[in-house]
Amino acid sequence: MNEFWADLVNFINSEQAWNITRAVILIAIGFVAAKLISSALLKTVGDKMDNHRAMLLKRGSYYLILILFLVSALHQLGFNLSVLLGAAGVFTVAVGFASQTSASNLISGLFLMAERSFSIGDVIRIGTTTGEVLGIDLLSVKLRTFDNLFVRIPNETLIKSEVTTLTRFPIRRLDILLGVAYKEDLKKVRAVLGEVANKNPLCLEEPKPLYIFQAFGESSLDIQYSVWAKREKFLELKNSIHEEIKNAFDEQDIEIPFPHRTIYTGSATAPFPIQSVSHTQPD
Amino acid sequence: MTADVQAMTSWWGGFDFQGEQSKEWNIGPLKFIVQRLKNEWQIAHEYKDNFDANNITWSVKDTDQPSASLSDNSRFIFQDASGELSITPKLADRPIISRPLTPFNLTAGEEVTLYVSSSIWIELAINSAAKTVLKEIAIQRLSDTWFGPSTLEGELCYASTTHCRLSLDELPHFTHRAITPVLICNKADTTLSLERLNLPAPLLSLYAASNGQLWTPQITLIRQKDGDMAELKIENTLPDDVQPVIQLSEPRNRVDSSVLFRAFNTVFS
């Protein structure tokens, strides 16, 4: 027991213990300094930047300062940095093979941040997921969907797939697909649609609404009517204009037909037998 | 505000409420009710559906109709709901794109003064120890529009149509619209075809003439010789015939210079 205490006292008095203490203190200072300096930097110049850049600045400065302190701490422990960097190269290859997915996500994350196709606060759509971007991290992008679910999408997926940013431009186009009966006068239909768009204050006057005759459909004349709206009012316009078109068509007796099926027996067959049913009530 | 202007134009200005009183305003298409209760002010408004644009009448009266009966009702809670209600006309918070009912052409070297009217907003505030703004309401719901060379570049504005009258005598007396004299000079060698005009409402202040008509200072739009640039100048003057005037509101956005150079297609279209 006495021997243990003697060894401990010797160790504490040795230079190595002093180096370890200094390294630990350096790392601790590094953590605090990185946090303080990155926060201070954000407060000083962060106001002039958008969320995305501010986040990049904060994380970049944090990790840079931390790495500097870590390197000093290693130096303090007597590591030869050139040897260490060489070993790090070999180590990186080994880790790279072992963690291909993570590395791929990491690199994709760097590209995503540089490309800036969306930033924090934007609403994006990837496949069937639509949501607001909460964070763009090194490995993944975090989304909040409109039904309030937290979705984590790996950066690799984002780089490989089609991403739609819904909040990039201030105005959006709403495409209304509708069908009218074959008997209707298309000029009248067009005029009624124009009047509805004109009366709706959310529908932009310019760019002008677009009327496209799509096809002679199976049961209807298929029309696309596209109107523009301010991005924030898109949903409001979508709800109001469909209702207004329906009301205007009802007022003007324009029919939106249900699918029709005409049953034809062919020229060689006899006509369908028809049975007349009397509606008179029995006595 | 001078007494004669106040008497002529009593839909704006200061209004005293006695006890739990309600007042109703009808200005053009807008109807709004302001009700004072013990600890709150209630403001409700709605727009008339079938409004005749030529109907330029207004009225202010006491009412028993509860403000909650209108579609858009807001409550503002105060510890002490005393004080005077102040109603101030203001210009739009976005530029207004005026489309002449009939597009017209201005040949090379010509200049013309048009009188363009635009719908206004009202600011409802309580004047007690300090002024507290409660709400802003548009007198007419204007349609949104986009003004710019493409759907990527441009700005959101309000859309309006105008007669672009050339003479002051032809102008009807609108109490709920502000008139802006617009001097257009075409210094380019080609004819200027005017289909839409960008009226920079947030940069203009609002004045009232003694007959109650609202005015903004004159703006001058000069199409430069090369045809690609336009000079927009905001004058400090009103037409000589509309004196005396009082200033009702300051511009919403201040610009350092009264002369602005803009791309031609951001002013005319």
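Naming convention: chains lettered A, B, ... in sequence-line order (proteins, then strands); numbering from 1 in each chain. Treat the numbers as computed from the prediction; the structure is a model and nothing was measured.
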Legend entry - B:T145 to A:E206 - nearest heavy-atom pair and separation: OG1-N, 3.0 Å

Inset, instruction - Measure distances from B:L156 to the heavy atoms of chain A and classify the residue's part below 4.5 Å as side chain, backbone, both or neither. - result: side chain

Legend entry - Over 12 non-hydrogen atoms of neighbours within 6.0 angstrom of NZ in A:K35: no

Inset, instruction - Give a yes or no on whether A:Q252 atom CD has more than 12 heavy-atom contacts from other residues, nucleotides or ligands under 6.0 Å away. - result: yes

Legend entry - Heavy atoms of other groups near B:F104 CZ, more than 12 under 6.0 Å: yes

Legend entry - Shortest non-hydrogen contact from B:S143 toward A:N200: OG-O, 4.0 Å

Inset, instruction - For chain B, find which of A:P201, A:C203, A:P170 contributes the most heavy-atom pairs closer than 4.5 angstrom. - result: A:P201

Legend entry - Whether over 12 other heavy atoms sit under 6.0 Å from A:F146 CZ: yes

Legend entry - Working for side-chain contact (heavy atoms from CB on, under 4.5 Å), residues A:R168 and B:L152: CA-CA 9 Å; A:R168 187 60 176 261; B:L152 307 182; over 6 Å; no

Legend entry - A:F213, CZ: over 12 other non-hydrogen atoms inside 6.0 angstrom: yes

